[in-house]
Asks: 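Got a structure for you, written out below as structure tokens; questions coming shortly.
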Amino acid sequence: MKILVTGGAGYIASHTNLELLQAGYEVVVADNLSNSSMESIHRVEKLTGKKITFYEADILDKERLSNIFVQEGIHSVIHFAGLKAVGESCAIPLKYFRNNLSGTITLLEVMQEYNVKNLVFSSSATVYGDPEKVPVTEDMPLSATNPYGRTKLMIEEMLRDLYRSDASWNIAILRYFNPIGAHESGEIGEDPNGIPNNLVPYVAKVAIGELEKVNVFGDDYDTPDGTGIRDYIHVVDLARGHIKAIEKLTQNPGLVVYNLGTGVGYSVLDIIHNYEKACNKTIPYAVTPRRPGDIAVSYADATKAYQELGWKAEKGIDKMCEDSFRWQSKYPKGYKN
Ligand code: NAD
Ligand code: UD1
């Protein structure tokens, strides 16, 4: 069965490609390489001994996308392609709306034209805004606090409208909590451009001495140690959730929504201390003011994914930090060397 993976050279997609190939699927990637490198594709091919069909393609380019559908006989699409930096999305919102919204509309139009109506979509826990209670369940109210989050929310709504108009679509919306870590080989991992925005990639750079100290964004939240709490999930567990979602689509479920998280929350200081154990070094940090837009606590209730997909996260925080550090120390410059 052939799966089109948009944004397939990126962080979560590269780990998903590996799981797809190992499970016997054929993988076709469309990526414009705006935030990734071909090297991740080569590494996955090497790790699995299998080929990926790669198209350097922008999902806004309808003709190019159509050609892929004509050439490849696609069965289902996993749609990762998108821009994801929250701060940048506040500074240049139109770029985010153009890329994420127009890109998705173009993809859906082409899928409809070629009668490929199985879709897995990368949504985010950000669609819960500042949740009124934790753990967060899929039926809780949705909102957006920044343009990036708004693109996820708007795409979710678009998908619900599309499904209402045509019940022959099968759509799995996956709301990821905080993906971290890397494949245990240390050959693929997260490779952010410039100084990382997210906590664990930042801690990883401090651990290898590339950055001096971690800035802890606020220690006056209403949490046990005062720092923000999140549901960090190993990227390989997350990748496996996509295989389960693809399997689910073959049962014609209609439109389904799942949280992909561990159900356990860790604070910023918990992460720093667990990372110290993984790298056997002290991670220097300093408390700085809160980052605007951050919330105190978010973690998932992932029961629905367990009940309906038979999926649950298996890797704990130790493994997440160890695997992150292995990738970071093996390839301090990511895919660039
Ligand atoms: P990533 O940047 O590594 O991967 C996204 C990929 O999409 C990149 O390879 C990029 O080059 C490609 N891309 C972007 N715009 C494109 C376009 N117009 N046409 C073709 N390719 C395009 O990011 P990731 O962390 O792997 O995230 C994958 C998806 O999951 C994104 O949609 C992201 O919003 C979502 N998500 C990520 C997180 C996270 O913490 N990483 C959390 C929740 C949701
Ligand atoms: C961020 C995005 C969110 C996105 C998610 C996954 C923001 C505001 N939110 O979530 O939309 O879906 O990534 O990509 O960017 N922290 C520090 N120091 C740092 C970095 C982070 O203390 O240098 C803290 C944050 O305040 C937070 C926690 O660490 O409490 C996690 O932050 P981060 O990794 O950026 O993820 P989120 O903010 O949860």
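Just so you know, ligand 1 is whichever comes first in the structure, and atom 1 is the first atom listed for that ligand.
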Asks: Does a salt bridge link K319 with E314, judged by any charged N lying under 4.0 Å from a carboxylate O?
Replies: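 Here K319 does not pair with E314 in a salt bridge, since their nearest N and O are not under 4.0 Å apart.
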Asks: With a cut-off of 4.0 Å, which atoms of ligand 2 are near a heavy atom of Y148?
Replies: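 Those qualifying, in numeric order: 11 (O), 12 (O).
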Asks: For ligand 1, which is the ligand I care about here, please tell me if Y176 has any N or O atom under 3.5 Å from one of the ligand's N or O atoms.
Replies: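 Among all N and O atoms of Y176, none is under 3.5 Å from an N or O of ligand 1.
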Asks: Which label fits Y331 and W327: parallel for a plane angle under 30°, tilted from 30 to 60°, or perpendicular past 60°?
Replies: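 Taking W327 first and then Y331, their aromatic rings sit tilted (interplane angle of 30° to 60°).
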Asks: Does an N or O anywhere in L199 fall below 3.5 Å from an N or O of ligand 2?
Replies: yes
Asks: Is it the case that the ring center of H242 lies less than 6.0 angstrom away from the ring center of Y176?
Replies: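 Close enough - the centres of the two rings lie under 6.0 Å apart.
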Asks: Is K50 reaching over with its side chain to a backbone N or O of L21, donor-acceptor style, under 3.5 angstrom?
Replies: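 Checked: pair present.
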Asks: Measure the shortest side-chain to side-chain distance between W169 and M111 over non-hydrogen atoms and say whether it is less than 4.5 angstrom.
Replies: yes
Asks: Does an N or O anywhere in S34 fall below 3.5 Å from an N or O of ligand 1?
Replies: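 Between S34 and ligand 1 (N or O atoms, distance only) the closest approach is under 3.5 Å.
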Asks: Of the choices F217, Y232, Y176, which has the non-hydrogen atom that lies closest to atom 28 (C) of ligand 2?
Replies: Y232
Asks: Do K62 and E109 come within less than 4.5 Å of each other through their side chains, counting heavy atoms only?
Replies: yes
Asks: Looking at atom 7 (C) of ligand 2, what's its closest protein heavy atom, distance included?
Replies: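 Result: V86 CG2, 3.5 Å.
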Asks: Just to be sure I'm reading this right: ignoring hydrogens, which of T126, V127, D294, N146 gets closest to atom 26 (O) of ligand 2? Compare them by their nearest heavy atoms.
Replies: D294
Asks: For residues A13 and V5, report the shortest heavy-atom separation together with the two atoms involved.
Replies: CB-CG1, 4.0 Å
Asks: Please report which non-hydrogen protein atom sits nearest to atom 39 (O) of ligand 2, along with the residue it belongs to and the distance in Å to one decimal place.
Replies: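 Sorting protein heavy atoms by distance from atom 39 (O) of ligand 2 puts R230 NE, 2.6 Å first.
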Asks: I want to know if ligand 2 touches N178 in the polar sense, i.e. an N/O pair below 3.5 angstrom.
Replies: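 N178 vs ligand 2: N/O contact under 3.5 Å present.
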Asks: I want to know if ligand 1 touches P179 in the polar sense, i.e. an N/O pair below 3.5 angstrom.
Replies: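 N/O-N/O distance under 3.5 Å: no.
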Asks: Taking N or O atoms only and a 3.5 Å limit, does E190 qualify as a polar contact for ligand 1?
Replies: no
Asks: Can you confirm whether V235 sits close enough to Y11 that some side-chain heavy atom of one is under 4.5 Å from a side-chain heavy atom of the other?
Replies: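 V235 vs Y11: side chains touch.
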Asks: Quick one: nearest non-hydrogen protein atom to atom 18 (N) of ligand 2, plus distance?
Replies: N215 O, 2.7 Å
Asks: What about F177: any of its N or O atoms under 3.5 Å from an N or O on ligand 1?
Replies: no
Asks: For ligand 1 and I59, I'd like to know whether there is a polar contact (N/O to N/O, distance under 3.5 Å).
Replies: yes
Asks: Would S124 count as being in polar contact with ligand 1, using the rule that some N or O on each side must be under 3.5 angstrom apart?
Replies: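 No.
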Asks: Assess R291 for proximity to ligand 2: is some non-hydrogen atom of it under 4.0 Å away?
Replies: yes
Asks: In the protein, which heavy atom is nearest to atom 26 (O) of ligand 1, and how far is it?
Replies: I12 N, 2.8 Å
